[in-house]
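Since the model is a prediction, treat every value here as computed from it, not as a measurement.
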Amino acid sequence: MIEPDQTTPGERDECAALWCMRIADARLDAGQQAEFDRWIAADPGNARAFEEAVVIWQGVDTITDAPEMIRYRAEAVESLRELNVRRWSRGTERRWNWPTAVAACFALIALATILLLQGGTTHYRTGIGERRVVLLEDGSRLTLDASTHVDVRFEEEYRRLELVAGRAKFDVAHDPLRPFSVRAQEHVTVATGTSFSVELLSSEVRVVLYEGRVEVVDGPEEAMPLASSSSPNSQPVPKSVDPALALSPGKELIASTVSSASRVIDADLTRSLSWESGLLSFEGEPLAVAAERINRYAKKRILVGDKRVASYGISGVFAAGDVEAFVEGVTALHPVSVAHEQDKLVLVSAR
């Protein structure tokens, strides 16, 4: 530990960084707590340096949930452990490296914080079988299905999100002057205050509206107006070219990602949200679509081997992640055989 009577600015910052990392990593014992208290009392500048270190360590409240920030903080803690081992194993002749290395770890966190704040885009991801709920800075709620990636960028005049993969539900805080848009490939769903979900599959985008009203438009998002007509010097949010694509509650848009085809159907809202409770519900879904959803929860993925199998309709409710039950159901109802490979199950026609 850096001695508490070292008071140069550089040494004070290094000591503050070290104390912050040690406190974050584990509770101080009585001796460490007394040492920390003596260091804080020794100089008012120590307390200020420690407060600044805490702000950096927390990554600023607005980005503490960002995966990048969590990763940098975890890496810094691990570096602290490794450096502590090296410090005592190499003796006192190289102790000068200790505060320098701690400061370097903390500089990494500070740099990450600055870059995240300046970049303006926060990335939210879930892994296989993982679901997550995030409260966004405007009060909107983002619910991510498994194997999902959503990018969020909020500015003074707009709220722009992109669904890069998977499925997410958006409960949007009302703000007519700042439209809330979600891009999934070339399809952009625009709202000001509503509840809807967007799902990106290999061949289509699906939008289900639960409350309010949304418009689904095509084209570059940058060309869209940033505010509604109630804002001075602005234009209305663009309407979809086909009025049938303006959704009302209880409707689902299915838009192809490989052609201009799209259609609106009635949605079973309860069934469409079953994934939030760990169930996957299908009602006549093509096997190809059902397999994609199952694969968000499966370490051993399902591969549909031919077009005939891909078109078979699937109905039923399955526990998310129970791949074996799903495959058993498919093979019981359809002429499908299963080829077991190292990391996947291949479904092919048995005829």
Side-chain angles (χ1 to χ4, degrees), residues 66-68 116 119-126 132 134 136-228 234-242 244-247 251-264 267 272 289 292-293 296:
E68 293 84 352
L116 284 171
T121 299
T122 304
H123 310 279
Y124 296 102
R125 295 180 176 87
T126 53
R132 183 182 181 189
V134 178
L136 302 178
E137 64 181 64
D138 69 331
S140 299
R141 188 171 69 232
L142 168 64
T143 306
L144 291 84
D145 194 2
S147 303
T148 293
H149 175 187
V150 177
D151 290 344
V152 177
R153 184 180 181 89
F154 283 1
E155 297 289 352
E156 184 176 353
E157 296 179 308
Y158 61 79
R159 298 173 287 176
R160 285 179 179 161
L161 297 84
E162 180 175 5
L163 178 66
V164 181
R167 169 168 53 184
K169 181 170 178 283
F170 307 88
D171 295 293
V172 183
H174 184 70
D175 187 349
L177 301 185
R178 252 197 333 168
F180 186 104
S181 65
V182 179
R183 169 174 290 279
Q185 290 198 1
E186 295 303 313
H187 303 279
V188 181
T189 304
V190 184
T192 54
T194 188
S195 178
F196 64 97
S197 66
V198 181
E199 181 178 22
L200 181 57
L201 298 162
S202 60
S203 61
E204 61 191 25
V205 172
R206 295 192 173 200
V207 180
V208 179
L209 181 62
Y210 303 100
E211 296 178 5
R213 180 181 174 86
V214 297
E215 301 284 347
V216 181
V217 299
D218 294 337
E221 190 173 14
E222 290 73 13
M224 296 168 53
L226 298 180
S228 70
S234 67
Q235 302 174 9
V237 173
K239 303 297 183 183
S240 51
V241 175
D242 184 348
L245 300 187
L247 298 185
K251 298 294 185 179
E252 178 178 10
L253 168 70
I254 303 176
S256 172
T257 59
V258 296
S259 71
S260 59
S262 60
R263 56 196 174 98
V264 174
S272 71
V289 171
E292 280 195 65
R293 291 173 176 162
R296 293 181 188 141

Quiz prompt | Side-chain touch V164/L200, heavy atoms, less than 4.5 angstrom | solution = no

Quiz item: Within a strict 4.5 Å, meaning less than it, do heavy atoms of the L247 and F196 side chains meet?
Solution: no

Quiz item: Of the non-hydrogen atoms in V198 and A184, which two are nearest, and what is the gap between them?
Solution: CG1-CB, 4.0 Å

Quiz item: About how many Å separate NE2 of H187 and OG1 of T257, when rounded to the nearest 0.5 Å?
Solution: 7.0 Å

Quiz item: Is there side-chain contact between K251 and L209, with heavy atoms separated by less than 4.5 Å?
Solution: no

Quiz item: Under 3.5 Å, side chain of T126 to main-chain N/O of T148, donor-acceptor pair present?
Solution: yes

Self-check item: Shortest non-hydrogen contact between G139 and A173, atoms and distance
Solution: C-CB, 3.9 Å

Quiz item: How far apart are the C-alpha atoms of R160 and R183, what are their side-chain angles, what is the distance that settles it, and do they pass the side chain to side chain contact (heavy atoms under 4.5 Å, CB included) test?
Solution: CA-CA 8 Å; R160 285 179 179 161; R183 169 174 290 279; over 6 Å; no

Quiz item: What heavy-atom pair brings L163 and G166 nearest, and what distance separates the two atoms?
Solution: CD2-O, 3.5 Å

Practice problem: Rounded to the nearest 0.5 Å, what's the gap from NZ on K169 to CG on D145? Could you check? | Solution: 12.5 Å

Practice problem: To the nearest 0.5 angstrom, please state how far the CG atom of L253 sits from the CD atom of E215. | Solution: 11.0 Å

Quiz item: Quick one: which of R296, R167, E292, R125 gives a side chain to side chain contact (heavy atoms under 4.5 Å, CB included) with S147?
Solution: R296

Quiz prompt | salt bridge (Lys or Arg N to Asp or Glu O under 4.0 Å) partners for E204, two or more places apart | solution = R206

Quiz item: Heavy atoms, side chains only, cut-off 4.5 Å: are R178 and D138 in contact?
Solution: yes

Quiz item: How many angstroms lie between atom OG of S260 and atom CD of E186, to the nearest 0.5 angstrom?
Solution: 13.0 Å

Exercise. Apply the side chain to side chain contact (heavy atoms under 4.5 Å, CB included) test between S140 and each candidate in V172, V134, L161, D171; give the one that qualifies.
Key: V172

Quiz item: Side chains of E252 and S272: do they bring a donor and an acceptor to under 3.5 Å?
Solution: no

Practice problem: Indicate yes or no: at least one non-hydrogen side-chain atom of Y124 is less than 4.5 angstrom from one of L136. | Solution: yes

Quiz item: With a 4.5 Å limit on heavy-atom distance, are the side chains of Y210 and F170 in contact?
Solution: no

Self-check item: Side-chain donor/acceptor of T121 to backbone N/O of R153, under 3.5 Å
Solution: no

Quiz item: What do the steps show when you test R159 against D175 for side chain to side chain contact (heavy atoms under 4.5 Å, CB included), and what is the final call?
Solution: CA-CA 10 Å; R159 298 173 287 176; D175 187 349; 3.5 Å; yes

